[in-house]
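Chain letters run A, B, ... following the sequence lines, proteins first, then strands; residues in each count from 1.
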There are 2 protein chains.
Amino acid sequence: MTVSKTPALDLTKTVRAAARDDTGEGDVLKLGELSELLGYSLKRAQLKVFDDFIHCVAPLQLTPAQFSVLLLLERNPGRNQTEIASTLGILRPNFVSMLDGLESRELCVRMRSTNDRRSHVLMLTDKGHAILARAKKLVATKHETRLNELLGPEKREALLGMLAKIAREF
Amino acid sequence: MTVSKTPALDLTKTVRAAARDDTGEGDVLKLGELSELLGYSLKRAQLKVFDDFIHCVAPLQLTPAQFSVLLLLERNPGRNQTEIASTLGILRPNFVSMLDGLESRELCVRMRSTNDRRSHVLMLTDKGHAILARAKKLVATKHETRLNELLGPEKREALLGMLAKIAREF
DNA sequence: CGATAATTGTTATGCGATATATCAAATGTA
DNA sequence: TACATTTGATATATCGCATAACAATTATCG
């Protein structure tokens, strides 16, 4: 991002802001070095974001994991369960019940592959496409918009880039 | 991470897929709008970071949650279970077994408060202080160092600041 | 003061996500 | 053909997280 040219000053500000819990004592507990722990902030932020996602998309009753499956099926129709699951970091045994849920709601279908009759070809149904379209709209207008208001577009992009890099290379 | 199962046979496929990365469908599934989803990157990054943390601090057998408890006890000695648990976002019932584990390893102690005999005053033991000191060193030299090498100090601080803001205000 | 409400730690319990072992059917390979 | 691998599935165990309920203690208020 563009802030990489404002090192010293922004750095101290950020440090002080993050560590402002060690000024004065009172009723509130001091986080101390906890606020410098990446995993701690990462997990608390993730919980908040998931919570907001679930709330925003509540009328459609889709969890973040289910939404990610639908998105991946839309973008990659005709793949089998192993491919979809492994791409999302889901173990195959756990993906079975997940698909059961989506299929029972008629959002997607399993069809035996003609090439390889072991595997199931996965596809969204019309209803699945429709629900996904509505979900995307809700996520865009309610969920992601909120992040933009909090961080601004460029910092939001910088954040996404850093998170992707960590997920990829850490 | 998930791409390691490719047998030597699909080399041609992989090469072709890499040569035409924006046309048709190839070997690798496309994430599509998934990479723009904050929650998705957030969760995958968090899993990676926790995994690395556990690996780095493996000789001391401390989970991220346990480490955070020890850190908070060091910084805030004499608090009760409700205060520590709620600060970390842990529900009191679940904090009981967590404390049992730490206390059975003699890393901390519960003492009945003289003011309020309902509550337990929590404190680190000498062993708890020692283990925490060693854990801090491992985290600093192995874990956080790795993040600095990946992002650089200023981007790392920017990331922490944004995550804290999300955890706080989202 | 005394009756009632609230707090603290605890137990029990359920749910969901995650992990491994195992299986039958289908396919690949020596 | 015989053996190994892959795919989807089942069973199962563990862990994190959530709620209800309880005894002991303390706070509140009539």
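Rounded to an integer number of Å, the gap from NE2 of B:H120 to P of D:dA23 is 17 Å. Rounded to whole angstrom, the span from the CE atom of A:M98 across to the C1' atom of D:dA9 amounts to 17 Å. Atom CD1 of B:I54 and atom P of D:dC15 are 12 Å apart (whole Å). One atom, CG of B:L99, and another, C1' of C:dG9, lie 10 Å apart when rounded to the nearest Å. Residue B:R118 contributes atom CZ, which lies 8 Å from atom C1' of C:dA6 at whole-angstrom precision. Remark: P of C:dA17 and CG of A:L88 are 14 Å apart, rounded to the nearest angstrom. Note: CZ (B:R112) to P (C:dG9) measures 9 Å, nearest angstrom. The distance between atom CD1 of A:I90 and atom P of C:dG16, rounded to the nearest whole Å, is 16 Å.
Taking the side chain of A:P93 as heavy atoms from C-beta on, and the options C:dT20, C:dT10, C:dT7, the nearest nucleotide is C:dT20. Nearest to the side chain of A:S119, among C:dT11, D:dT19, D:dG8, sits D:dG8. In this structure, of C:dT20, D:dT19, D:dA9, it is D:dT19 that holds the atom nearest to the side chain of B:L91. Among the nucleotides C:dG9, D:dT6, C:dA17, the one closest to any side-chain atom of B:K43 is C:dA17. Taking the side chain of A:N80 as heavy atoms from C-beta on, and the options D:dA9, C:dT10, D:dT7, the nearest nucleotide is D:dT7.
For B:F53 and B:F67, the ring centers sit closer than 6.0 Å to each other.
The nearest heavy atom of DNA chain D to B:D116 and to A:L47 marks one nucleotide each, and the one closer to the 5' end goes with A:L47. Nearest-nucleotide mapping onto DNA chain C: of A:A65 and A:N115, the residue sitting toward the 5' end is A:A65.
Donor-acceptor pairing under 3.5 Å is recorded for the side chains of A:R110 and A:Q81.
Atoms OG and CG, on A:S113 and A:N80 in that order, are 8.0 Å from each other to the nearest 0.5 Å.
Sequence neighbours left out, not one pair with a member in residues 125-135 of chain B passes side chain to side chain donor-acceptor pair (under 3.5 Å).
Comment: B:E144 engages B:R156 in a salt bridge, judged by a side-chain N to carboxylate O separation of less than 4.0 angstrom.
By the salt bridge (Lys or Arg N to Asp or Glu O under 4.0 Å) test, B:K136 is found to be paired with A:E33, B:E74, residues two or more places apart in sequence or in another chain being considered.
The residue A:N94 sits close to a base: some heavy atom pair falls under 4.0 Å. No engagement by A:D100 is indicated, since no non-hydrogen atom pair under 4.0 Å with the nucleic acid exists.
When the side-chain nitrogen and oxygen atoms of B:T82 are compared with OP1 and OP2 of C:dG9, one or more of them lie within a distance under 4.0 Å.
Grouping the Ile, Leu, Val, Met, Phe, Trp and Tyr side chains by contacts below 4.5 angstrom, directly or via other members, places A:L163 apart from A:L47.
Counting distance only, with no hydrogens placed and no angle test, the side-chain atoms of B:R117 and the base atoms of D:dT25 include no donor-acceptor pair under 3.5 Å.
Looking only at distances, a side-chain donor or acceptor of A:N76 sits under 3.5 Å from a matching main-chain atom of A:L72.
Overall, the helix from C:dC1-D:dG30 to C:dA30-D:dT1 carries an axis bend of 10° between its ends, with five pairs at each end and the value rounded to 10°.
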